[in-house]
Novice: 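Would you mind keeping the following structure in view while I ask a few things?
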Amino acid sequence: MAYWLFKSEPETWGWDDQVAKGDAGEEWNGVRNYQARNNMRAMAIGDRGFFYHSNKTREIVGVVEVIALSHPDSTTDDPRWDCVDIKAVHPVVTPVSLDQIKAHPELSEMVLVKSSRLSVQPVREHEWNIICALAGIDV
DNA sequence: GCCAACGTTGGC
DNA sequence: GCCAACGTTGGC
């Protein structure tokens, strides 16, 4: 299983919105960036991801699961863009902030730190484990 | 609200 | 195929 990180502005689409969709989940649509799209194309059903709030709070707030493989993005007719569906699995006990991640020596190589603008990004397994520990949740 | 970083677009 | 212009993102 692979691990990912999904970034969103909570004003646009936040963790609460994701939770409200329940097990039906929702398209992670609106991505117009090739790298982010390619990451979604590489996802498998059952892959896990962190849900990150950008801008104001800047922290990981929950865990999501991929429930549909990459398919056309319903918000555009442009065939270049597609997206996966994800559902909320559970919230974190303690949100993990960007500051914490930057300060942690073993997390300093994270894509979140290195390439802060990429909205869908891979997370290495040991990074996943460290953050789960910080967040107070089981892997 | 500012601005740096970066991706995309389009003219040549 | 290059590169300048432009738009967007996201941290501060």
Side-chain angles (χ1 to χ4, degrees):
Chain A
M1 168 164 51
Y3 300 104
W4 311 93
L5 185 145
F6 297 85
K7 204 163 40 172
S8 185
E9 295 190 28
E11 290 80 8
T12 309
W13 180 260
W15 175 248
D16 291 341
D17 298 307
Q18 190 68 52
V19 169
K21 289 288 176 179
D23 286 342
E26 177 69 328
E27 275 190 343
W28 194 256
N29 56 32
V31 171
R32 301 291 182 266
N33 172 282
Y34 291 107
Q35 246 185 300
R37 184 208 62 188
N38 290 344
N39 286 334
M40 288 198 285
R41 286 184 175 177
M43 291 178 188
I45 289 176
D47 278 359
R48 294 281 165 119
F50 289 127
F51 195 107
Y52 175 84
H53 279 166
S54 66
N55 256 333
K56 232 180 157 184
T57 53
R58 274 166 282 129
E59 59 192 13
I60 289 167
V61 292
V63 172
V64 296
E65 182 178 322
V66 176
I67 57 169
L69 295 177
S70 202
H71 58 80
D73 182 333
S74 69
T75 62
T76 178
D77 290 330
D78 191 327
R80 290 177 300 170
W81 306 121
D82 45 41
C83 62
V84 296
D85 291 5
I86 61 173
K87 69 168 184 180
V89 177
H90 51 66
V92 298
V93 175
T94 311
V96 179
S97 71
L98 181 63
D99 289 344
Q100 268 179 285
I101 290 168
K102 281 185 168 172
H104 196 295
E106 291 192 55
L107 299 177
S108 61
E109 291 296 312
M110 274 191 76
V111 181
L112 188 63
V113 178
K114 291 282 177 182
S115 182
S116 59
R117 289 187 55 198
L118 186 60
S119 60
V120 179
Q121 47 183 266
V123 173
R124 298 173 190 89
E125 190 172 1
H126 75 278
E127 293 165 348
W128 180 270
N129 294 334
I130 291 168
I131 291 172
C132 283
L134 291 172
I137 54 178
D138 292 333
V139 179

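So you know, we letter chains A, B, ... as the sequences are listed, proteins then strands, and number each from 1.
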Novice: Consider the side chain of A:N33, meaning its heavy atoms from C-beta on, and name the nucleotide among C:dG11, C:dC12, B:dT8 that approaches it most closely.
Specialist: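 Among C:dG11, C:dC12, B:dT8, the one nearest the side chain of A:N33 is B:dT8.
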Novice: Does A:W81 offer a backbone N or O that forms a donor-acceptor pair with the side chain of A:D78 under 3.5 Å?
Specialist: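 It does not hold such a pair.
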Novice: Return no unless some side-chain N or O of A:Y34 is found under 4.0 Å from OP1 or OP2 of B:dC6.
Specialist: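 No, A:Y34 has no side-chain N/O under 4.0 Å of OP1/OP2 on B:dC6.
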Novice: Does the pair A:D73/A:R37 count as a salt bridge with the N-to-O cut at 4.0 Å?
Specialist: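 Result for this pair is no, no salt bridge flagged.
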Novice: Measure CG/A:L112 against P/B:dC6 and give the value in whole Å, please.
Specialist: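 After rounding, the gap between these two atoms is 14 Å.
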Novice: What's the CZ-C1' distance between A:R58 and C:dT9, to the nearest Å?
Specialist: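 Value for this atom pair: 13 Å.
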Novice: Rounding to an integer number of Å, can you tell me how far A:N55 CG sits from C:dT9 C1'?
Specialist: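 Nearest whole value for this atom pair: 8 Å.
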Novice: Check the orientation of A:F50 and A:W128. Use parallel for under 30°, tilted for 30 to 60°, and perpendicular for over 60°.
Specialist: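 Rings of A:F50 and A:W128: parallel, under 30°.
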Novice: Calculate the interatomic distance between A:L118 atom CG and B:dG7 atom C1'; express it in whole Å.
Specialist: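 In whole Å, B:dG7 C1' and A:L118 CG are 11 Å from each other.
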Novice: Find which nucleotide of DNA chain B each of A:R80 and A:K114 is nearest to by heavy atoms, and output the residue with the more 5' nucleotide.
Specialist: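 On the 5' side of the pair lies A:K114.
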Novice: Rounded to whole Å, please give me the gap between NZ in A:K7 and P in C:dG11.
Specialist: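 The answer, rounded to whole Å, is 6 Å.
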Novice: Please report the distance, rounded to the nearest Å, between NZ in A:K56 and C1' in B:dG1.
Specialist: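 Value for this atom pair: 14 Å.
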Novice: Counting only distance, no hydrogens or angles, is the base of C:dT8 paired donor-acceptor with the side chain of A:R32 under 3.5 Å?
Specialist: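 It does not, because no donor-acceptor pair links the side chain of A:R32 to the base of C:dT8 below 3.5 Å.
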Novice: Whole angstroms only, please: what is the CD-P distance between A:Q121 and C:dT9?
Specialist: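 Roughly 15 Å, once rounded to whole Å.
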Novice: Starting from P on C:dT8, measure out to CD on A:E9 and report it in whole angstrom.
Specialist: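 Value for this atom pair: 12 Å.
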Novice: Taking all heavy atoms of A:F6 and all of A:G49, pick out the closest pair and write down the distance.
Specialist: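 Here A:F6 and A:G49 meet closest at CE1-CA, 4.2 Å.
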Novice: Give the nucleotide from the list C:dG10, C:dC12, B:dG7 with an atom nearest to the side chain of A:Q35.
Specialist: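 Minimum distance to the A:Q35 side chain belongs to B:dG7.
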